[in-house]
K.L.:
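Shown below is the structure under consideration.
It should be emphasised that the depicted structure is a prediction, and the values quoted were computed from it without experimental measurement. A note on names: the letters A, B, ... follow the listed sequences, proteins ahead of strands, and every chain is numbered from 1.
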Number of protein chains: 2
Amino acid sequence: MVRARALDGLRAGELARRVGFPLGSDPVRSKGHIGELIELALGATAGNLDQPDFPTLGVELKTVPVDEAGRVRESTFVCSIDLGALDREEWDTSRVRRKLRCVLWVPVESSRVPLADRRLGTPRLWRPTAAQEATLRADWHDLVGRITSGGIDEVSAHLGEALQIRPKAASGSDRVEAHGPEGEVLDVVPRGFYLRARFTETLLWTVE
Amino acid sequence: MVRARALDGLRAGELARRVGFPLGSDPVRSKGHIGELIELALGATAGNLDQPDFPTLGVELKTVPVDEAGRVRESTFVCSIDLGALDREEWDTSRVRRKLRCVLWVPVESSRVPLADRRLGTPRLWRPTAAQEATLRADWHDLVGRITSGGIDEVSAHLGEALQIRPKAASGSDRVEAHGPEGEVLDVVPRGFYLRARFTETLLWTVE
DNA sequence: ACGGATCCATACCTGGATCCTG
DNA sequence: CAGGATCCAGGTATGGATCCGT
């Protein structure tokens, strides 16, 4: 937390220079760069293993784009969905719950300024309150239940109060195998779980 | 076949020059290069999809290293093994059988001469005879049966008349999950199916 | 001689997220 | 505005095989 708080007010370009991270210049082609920069700066384990970013602490790191007023501008990706194995998952052991057990949120200024000029904000270490976890669990059960009973085509991003399901792919034509309501094999676009921006916003600014 | 026969007598370096393939100079670091060169030269679909190299023909392409006398010098890799899913496979639908349904063998001179100097030989299009398939099927059942009943540690490369199982990994310390005889989870080196050199040799030179 | 060990290329998948049009 | 679409990085798995010590 000491090291995370030291980022407050710093611009991404300055941090990148200090740690030797090659920050891209085109925002479209550098979507994940600031997230990776902060992983590097805080010593998170690089790579995409099935573990928290700080394995010994059990802490997940996430940047969150905010505007000048502190409003969260984007949803937050949580994890991808294995559509073939969903019927064997339970909330208590789900990847969503594990990912969100303990998150270090780092706000990043998000606007049409160059990446390097974007300022980092005050980090916040968060664990779901009982009420927040209840909301997440209810959304998860609803979404997963719909998929297992009616197939992925029953589910759009309109569903879910805090947690939603949206495409997660390099292109809209990417395909993975899924099963329809009758067990048919379908090729569908890969999906992921996301947190709605309005949910993330509440947990960022709630006074404890 | 016309295009494959046109390779006969050509040296790998000459073919590489014609098609613009960057053939390596160190044999240790270029093990798969001649195979990839011939894929390119014959228009095989690049990449490692779960399909034959020539999908519309249903033909698999394999180079086979032979010495001056036409003796096959090495075993031939067939496919990797998913140790977690073996108990749900049957011979008729197995990856081994699919891979070996129809193979275009291209002999390549194998000796301590530079890669670029190695000559390509007369290609042969092969489908297993009833007797060959019976041998492969028997080996497969024996090997797979031992794994599903006693675990992968029961199986060494000594087993199998035509088909054998050997490590298939970048390093001996690579690990994948497998299950022991009592269902325990074990981390073991990844395995693949291979054809013994003596088997490949018979099918290359048998007069029809 | 050959069983176990190893080497390269590349597709796939997950994780880092934000873009952008109706 | 936000649901659907997209972009990069990098680890893993598979496919191309041959190397090499006992």
K.L.:
Without decimals, in angstroms, what is the distance between Asp174(A) CG and dG15(C) C1'?
P.N.:
15 Å
K.L.:
Do Lys168(A) and dT14(C) have a side chain to base donor-acceptor pair shorter than 3.5 Å?
P.N.:
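Answer is no: no donor-acceptor pair is held.
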K.L.:
Heavy atoms from C-beta onward define the side chain here; which of dG16(C), dG16(D), dT6(D) lies closest to that of Ser171(A)?
P.N.:
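Among the listed nucleotides, the one closest to the side chain of Ser171(A) is dT6(D).
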K.L.:
Looking only at side-chain N and O atoms, does Thr148(B) offer a donor or acceptor that is under 3.5 Å from a partner on Asp87(B)?
P.N.:
no
K.L.:
Find the distance Arg166(B):CZ to dT14(D):P and express it as a whole number of Å.
P.N.:
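Going from Arg166(B) (CZ) to dT14(D) (P), I get 18 Å.
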K.L.:
Whole angstroms only, please: what is the CG-C1' distance between Asp26(B) and dT6(C)?
P.N.:
12 Å
K.L.:
Is the shortest side-chain N/O distance from Thr63(B) to OP1 or OP2 of dA17(D) below 4.0 Å?
P.N.:
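Looking at the OP1 and OP2 atoms of dA17(D), one of them is under 4.0 Å from a side-chain N or O of Thr63(B).
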K.L.:
Can you tell me the distance, in whole Å, between the CD1 atom of Ile81(A) and the P atom of dG4(D)?
P.N.:
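For the pair Ile81(A) CD1 and dG4(D) P, the rounded distance is 13 Å.
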K.L.:
Salt-bridged, Glu109(B) to Arg119(B), with N to O below 4.0 Å?
P.N.:
yes
K.L.:
Return the nearest nucleotide to the side chain of Ala157(B); candidates are dG16(C), dG4(C), dG4(D).
P.N.:
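Output: dG4(C).
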K.L.:
Nearest nucleotide by nearest heavy atom, which residue falls closer to the 5' end of DNA chain D, His158(A) or Gly32(B)?
P.N.:
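Final value for this comparison: His158(A).
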K.L.:
Between dC7(C) atom P and Leu115(B) atom CG, what is the distance in whole Å?
P.N.:
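About 16 Å, once rounded to whole Å.
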K.L.:
Using OP1 and OP2 only, check whether a side-chain N or O of Arg73(A) sits under 4.0 Å from dC19(C).
P.N.:
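False: Arg73(A) side-chain N/O out of range (4.0 Å or more) of dC19(C) OP1/OP2.
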K.L.:
Does any donor-acceptor pair link the side chain of Tyr194(A) with the base of dA2(D) at a separation under 3.5 Å?
P.N.:
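Side chain to base: no pair present.
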K.L.:
For the side chain of Lys99(A), starting at C-beta, report the closest nucleotide among dC7(D), dG3(D), dG15(C).
P.N.:
dG15(C)
K.L.:
Nearest-Å distance, CG (Leu195(A)) to P (dG16(C))?
P.N.:
12 Å
K.L.:
In whole Å, I'd like the distance from the CZ atom of Phe77(B) to the C1' atom of dG3(C).
P.N.:
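Nearest whole value for this atom pair: 16 Å.
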K.L.:
In whole Å, what is the span from the CG atom of Leu104(B) to the C1' atom of dG16(D)?
P.N.:
15 Å
K.L.:
In Å and rounded to the nearest 0.5 Å, what is the CZ to OG distance from Arg71(A) to Ser110(A)?
P.N.:
13.0 Å
K.L.:
Does the pair Arg97(A)/Glu133(A) count as a salt bridge with the N-to-O cut at 4.0 Å?
P.N.:
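Glu133(A) and Arg97(A): salt-bridged.
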K.L.:
Do any side-chain nitrogens or oxygens of Arg95(B) fall under 4.0 Å of OP1 or OP2 in dG15(D)?
P.N.:
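Indeed, a polar side-chain atom of Arg95(B) lies that close.
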K.L.:
Would you say Ser80(A) reaches dG15(C)'s phosphate, i.e. side-chain N/O to OP1/OP2 under 4.0 Å?
P.N.:
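Checking Ser80(A) against dG15(C): at least one side-chain N or O falls below 4.0 Å of OP1 or OP2.
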K.L.:
Picking from dC19(D), dC8(D), dT18(C), which would you name as closest to the side chain of Arg29(A)?
P.N.:
dC8(D)
K.L.:
Under 4.0 Å between any heavy atoms, over every strand shown, what does Ala197(B) touch: base, sugar-phosphate, or nothing? Just pick one.
P.N.:
nothing
K.L.:
Can you confirm whether the side chains of Ser75(A) and Arg166(A) place a donor and an acceptor under 3.5 Å from each other?
P.N.:
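Yes, because at least one side-chain N or O of Ser75(A) sits under 3.5 Å from a partner of the opposite role on Arg166(A).
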K.L.:
Between the base of dC2(C) and the side chain of Glu74(B), is one N or O donor paired with an acceptor at under 3.5 angstrom?
P.N.:
no
